[in-house]
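Computed from heavy atoms alone, side chains included, the values below leave out hydrogens, waters and symmetry copies. Keep in mind that this is a model prediction, so the values were computed, not measured.
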There are 4 protein chains.
Amino acid sequence: MPREVRERQMLDAAVVAFARHGYQAASMDDIAEAAGVSKPLVYLYLKSKEDLFMACVRREVGALVAAVREGTRERELTADQQLWRGLTAFFAHTAARPDGVAVLYRARTQGEPFAREVAAMRVEIVTIVTALLGQAAQDAGCGELAEREVSGLAHALVGAAESLAEWANSRSCASADSSSAKDTAATLMNFCWAGLENLMTGRPWMAPGH
Amino acid sequence: MPREVRERQMLDAAVVAFARHGYQAASMDDIAEAAGVSKPLVYLYLKSKEDLFMACVRREVGALVAAVREGTRERELTADQQLWRGLTAFFAHTAARPDGVAVLYRARTQGEPFAREVAAMRVEIVTIVTALLGQAAQDAGCGELAEREVSGLAHALVGAAESLAEWANSRSCASADSSSAKDTAATLMNFCWAGLENLMTGRPWMAPGH
Amino acid sequence: MPREVRERQMLDAAVVAFARHGYQAASMDDIAEAAGVSKPLVYLYLKSKEDLFMACVRREVGALVAAVREGTRERELTADQQLWRGLTAFFAHTAARPDGVAVLYRARTQGEPFAREVAAMRVEIVTIVTALLGQAAQDAGCGELAEREVSGLAHALVGAAESLAEWANSRSCASADSSSAKDTAATLMNFCWAGLENLMTGRPWMAPGH
Amino acid sequence: MPREVRERQMLDAAVVAFARHGYQAASMDDIAEAAGVSKPLVYLYLKSKEDLFMACVRREVGALVAAVREGTRERELTADQQLWRGLTAFFAHTAARPDGVAVLYRARTQGEPFAREVAAMRVEIVTIVTALLGQAAQDAGCGELAEREVSGLAHALVGAAESLAEWANSRSCASADSSSAKDTAATLMNFCWAGLENLMTGRPWMAPGH
DNA sequence: GATGAATGAGATTTCATTCAT
DNA sequence: AATGAATGAAATCTCATTCAT
């Protein structure tokens, strides 16, 4: 059996194991057995447990980013529509590959090299979102918001999306269809878009005493 | 030395260790040494590593919920002001006790009993937020939103808050003062409040084609 | 049981195991079992296999050097008599502790840290021998030999002694008494002393053509 | 490529690997790669790691013995001159093939089959030396020395030579020329020849009290 | 003749946990 | 109340070795 096929089998098995039991608790024995190969072969192909985990993380990072990018590709749409498509793609992906997402989730608490990888992914997504917000501000004809403010908003949006994804997936286990992804994306747009528009047109929410 | 004091020392040491190294990587040896006691004493007081971790989680859950509750206590304020106060309290707490928060963060990826505890905490906070949103809807004199929709919004808000807290704390390491907590809370209110108001008054964002 | 006693038991067992099977082939399992303790205890006390081996090497180095030094202690004797006593002590020690000597033998082929330790021991013994040769030259009232020449002679003497020890011990397995040590020492003195005396008094062996 | 050439390549690579890392630490993977062939081919030609090591040992044993024999071939010379030539050949060989010598060195601590091979080589060399000593005794017109005594002397000589070779090679790394081999041989002759002559003519060194 | 693919067995090391005192 | 001493169980990783082609 060719090396690439075996390697994918191992990664598949590893993603499942890491997602379910976590990095430490998942044992190389179990992963090898689940992949249908012997342990030494796993080491031959993937060098060490750390490298194996890193390979899983990178694969899932790539898949998630690709999905979101695919969703926001069409440039002729308005900013809010692009954002909505990106969110829909995000929710669809998290619903379709729960184990892959779980690996990324775990990786965030597994120390420097792994957390950095996920952080880089967040930066990438935040950058996409930031670009959309900038375009939206232009479309609204308003001046620029402070960069720091925009960055904070993008982080808030990403966090909200992650939280919603987790909540949505924990509820309707079976209905992982595209319509529910659209619904969830709409919920999030409802949650934030008016506020963002107000900000861009200079009508922010006012803290008491200001 | 009285038992309670010793026990708090152990919990303090354990929180630091678990926050920094994670559940598995933190060793009972290190915790006992950091607490200034012998290992058997840790076992005498706290039974097992799992129980010790659970005790840490519960203590930090309690502290965080108490902080948020304290912030939203005053009932004569308007809903948005209560929400703003609660968020401020949340950001102030996460900035003040990073290790405690990190323990909760870790607990979410440590399997059933621990993840459940944190999930319960989220439910509690979501419930508080949901109540505030309900009150806001009443104040706005609008009809009811679907319960599922409100729940989703609350989850989005909590997720956004968590993400912002992480972002804010990773940036200004030193300026963990109350003013920055207020700023962050204001950013989040800007982000979402207009959208929530629109929803409550029946003017949602419209997905294309609806 | 107190720590020191246990530690000596472990070292004893380790010396036997390393002597008989070599560093790599001796397993920590076997050593622990032979010492009558569990493996983790060996690791608790002696840190790692490398450290355990090093501890064995250092103990045996110390014992051998101490034996030789003890033999050459009396300063009022003539140089040849001191040398003879040192050799006798050396042969007696190698006959009495074959496993200890074997460990040193093994250590020479086990890489940097261990080989260095044995090399340092050889330097120490060579230094003792060199001092004796220097004293002998003084007693003979001759000028000084080149330092490099003396060093070479001392190395030759030590090598000859090692080789003789191995030969003697491989023969009379049972008669490891002090008389055979004296005989072996006498053989070696016969082998080399006249040549050394000639060198010191300026009558070297002549290579053909010189 | 003909089998013999391939086989020599493998042996060359193996000698280097065994010399540098030792029997256990040298891996078949590395040896195969260094020889430029695949691992199964090594097994096809040389059966097993043990057999490969044994082949190395035997080759180097043969080379060393041949060198020494070549040096002592001329029968019309006096015994001391033959001995000096043999020693010169020995020192020249050890300086020219350090890896080969190192393999023999390692083999002595690698258990029965290998140690025996090296021991047999020593016996062979000791036999040559013994014959020379016997001839010298005859030339000196003296009676016979006890066989055991002569054997001991020959062992001492060989040990001294080994030790000197190691010392000489560890010093002048670059000057591995024939003149330094001659110098080292002369040093050793100086060290021992007068004593041997004295022994043969019945004037041994006297231990105190005899 | 030559090899990519694969493995069985065993090595060191770590850790949560418990007695006897 | 508190601990030094000790362990069972399991983890990661390596390596010599063999098929099927």
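For A:Glu60, the side-chain hydrogen bond (donor to acceptor under 3.5 Å, both in side chains) partners at least two apart in sequence or on another chain are A:Arg97. Residues meeting the side-chain hydrogen bond (donor to acceptor under 3.5 Å, both in side chains) test with B:Gln24, sequence neighbours left out: none. Contacts of A:Glu4 classified as side-chain hydrogen bond (donor to acceptor under 3.5 Å, both in side chains), with partners at least two apart in sequence or in another chain: none. D:Asp12 pairs by the salt bridge (Lys or Arg N to Asp or Glu O under 4.0 Å) definition with D:Arg59, not counting sequence neighbours.
What separates CG of D:Leu41 from C1' of E:dG4 is a distance of 14 Å, to the nearest Å. At whole-Å resolution of the value, OH in A:Tyr45 and P in E:dG4 are 11 Å apart.
Comparing A:Asp30 and B:Gly36 against DNA chain F, the residue whose closest nucleotide sits nearer the 5' end is B:Gly36.
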Exercise for review: Indicate for each nucleotide in nucleotides 16-21 of chain E, in 5' to 3' sequence, whether protein heavy atoms under 4.0 Å reach the base (B), only the sugar-phosphate (S), or nothing (-).
Suggested key: SBBB--
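Of the side-chain N and O atoms in C:Arg6, one or more sit less than 4.0 angstrom from OP1 or OP2 of F:dA6.
In this structure, A:Arg3 is positioned above the aromatic face of A:Tyr45, its NZ or CZ under 6.0 Å from the six-membered ring centre and within 45° of the axis.
With salt bridges taken as basic N to acidic carboxylate O contacts below 4.0 Å, none links A:Arg122 and B:Glu166.
Every stem involving DNA chain F, taken as at least 3 paired positions in a row under the Watson-Crick or G-U wobble test at 3.5 Å, is listed here: E:2-21 with F:2-21.
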